[in-house]
Amino acid sequence: MRSLEELSPLEALEIENGLSLVSRVKLSLTIHPLVPSVSKPIDEWQLKRSLIDFLKNSTPHSSVTISEEDIVVRRHRDLKKRKREEPVAQGTLFIRDLGFLEGKKKNKKEDDDAKGLEKKFVEWRKGLVEKMNGIEVNLEGVKYNLSVVLPVSDDFERLKKDWEEFYAFGHPREGRREADTMILRGVPSRWFAEPRVSSKPSMLVAHTIFSTFGKIRNFNVAEDDNLGKDGDEYSGDLVSGLYCKIVVQFEKYNDFVNAMKAFCGRSMQKEGTRLKADYELTWDKVGFFRNSRRASDQGDDGYRNETAGYSTDDLRRKRFRE
């Protein structure tokens, strides 16, 4: 696998098992009517067309193009019960074609300057958010205000600052002085399953994939039926077992940092398919493996088998068991 220190934010990263991480920009959208009392359902198609036209015509790079599939809109479930200060809809916008930021290749030294390209990318992304935030769109005679932000989970520097401040102020209960555990939610279970054996995520398959990022102290993978239900009234019902949650505790801090940076601002793609998994990325603040072991010791069924964490030694014994 390519050295993570030399990886540019626009470069795809091939990992294991036919999986790769592909660059993209993710923006969170919040839509409010200019007249708070408006209760008319928002026209999703017109909203998408307005955003597509805006990106095409109103940004410094006219080659910024997205499709309707790259915009997800979740309308308020019951506009009649909506409070005046609440949005009529929320959404997510993805920009997946970022090739225009690479520009014309001048020489190999410039092509390999990952830091220079990263600076250019961050500045462009910041300018785009500032330009889009606060714009007004007119949909069937009704005006709406659009709030646009870059999610913390897609901003590596903000993520890093969060975990550095968390440990700088001291959290003795964690038993460690720096972050080391990455949490990934929203990746298809079948991508981490044993072929022709099961559609459920396999501990050994997933562990092998994530071991390419560094030596692992503890590892967990389980079906994630609660994805999107944490305080999100706009989310719909998910098919049970479709997605999984992966928790990786690295032995070395640098490996944790490099893995977080590699997954931040990217989507996962499987070889042979056009499907992209726009996962949720965060880091562990609550001591996942410590709590899992404690619950397991107490006989809590909720942490047995599928959700109990495994150490590297546990997996080694399982791998070579006759």
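Heavy atoms only: backbone and side chains are in, while hydrogens, waters and symmetry mates are out.
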Between [X] and [Y] (salt bridge meaning N to carboxylate O under 4.0 Å), is one present in this structure?
X     : Y      : answer
Lys26 : Asp154 : no
Arg49 : Glu68  : yes
Arg96 : Asp278 : yes
Lys48 : Asp70  : no

Decide if the gap between the ring center of Trp283 and the ring center of Phe166 is smaller than 6.0 angstrom.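 Yes, the ring of Trp283 comes within the 6.0 Å limit of the ring of Phe166, centre to centre.
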Same cluster or not: are [X] and [Y] linked, directly or through other Ile, Leu, Val, Met, Phe, Trp or Tyr residues, by side-chain heavy atoms under 4.5 angstrom apart?
X      : Y      : answer
Val129 : Leu101 : yes
Val72  : Tyr279 : no
Phe100 : Phe121 : yes
Val205 : Leu19  : yes
Phe54  : Leu34  : no

For [X] and [Y], work out which heavy atoms get closest and say how close.
X      : Y      : value
Arg75  : Glu44  : NE-OE2, 3.2 Å
Ser198 : Ala193 : O-CB, 3.1 Å
Arg266 : Arg24  : O-NH2, 3.0 Å
Gln269 : Thr273 : NE2-O, 3.3 Å
Glu85  : His32  : O-NE2, 3.2 Å
Glu118 : Pro9   : CA-CG, 3.5 Å

Result block: side-chain N/O donor-acceptor pairs under 3.5 angstrom for residues 136-152, not counting sequence neighbours:
{"from": "Asn138", "atom 1": "OD1", "to": "Gly141", "atom 2": "N", "distance (Å)": "3.0"}
{"from": "Glu140", "atom 1": "OE1", "to": "Lys40", "atom 2": "NZ", "distance (Å)": "3.4"}
{"from": "Asn145", "atom 1": "ND2", "to": "Gly134", "atom 2": "O", "distance (Å)": "3.3"}

Residue among Gln249, Arg290, Glu251 satisfying side-chain hydrogen bond (donor to acceptor under 3.5 Å, both in side chains) with Asn218: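 Of the listed residues Gln249, Arg290, Glu251, the side-chain hydrogen bond (donor to acceptor under 3.5 Å, both in side chains) partner of Asn218 is Gln249.
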Parallel, tilted or perpendicular for Trp163 and Tyr253, by the 30°/60° rule?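 Ring orientation of Trp163 relative to Tyr253: perpendicular.
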Atom pair [atom1] ([X]) and [atom2] ([Y]), whose distance is rounded to the nearest 0.5 Å:
X      : Y      : atom1 : atom2 : value
Ile216 : Thr208 : CD1   : OG1   : 8.5 Å
Ile15  : Ile209 : CD1   : CD1   : 6.5 Å
Tyr243 : Glu280 : OH    : CD    : 11.0 Å
Met182 : Phe250 : CE    : CZ    : 5.0 Å
Lys215 : Arg217 : NZ    : CZ    : 9.5 Å
Asp180 : Asp255 : CG    : CG    : 11.0 Å

Count the heavy atoms of every other residue, nucleotide or ligand shown that sit under 6.0 Å from CD of Glu271, and state whether that count exceeds 12.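 At most 12 heavy atoms, drawn from other residues, nucleotides or ligands, come within 6.0 Å of this atom.
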Please walk me through it: do Asp53 and Ser50 pass side chain to side chain donor-acceptor pair (under 3.5 Å)? CA-CA 5 Å; Asp53 291 342; Ser50 295; over 6 Å; no
Taking it one step at a time, do Arg274 and Glu69 satisfy salt bridge (Lys or Arg N to Asp or Glu O under 4.0 Å)? CA-CA 12 Å; Arg274 297 180 61 186; Glu69 291 74 20; over 6 Å; no
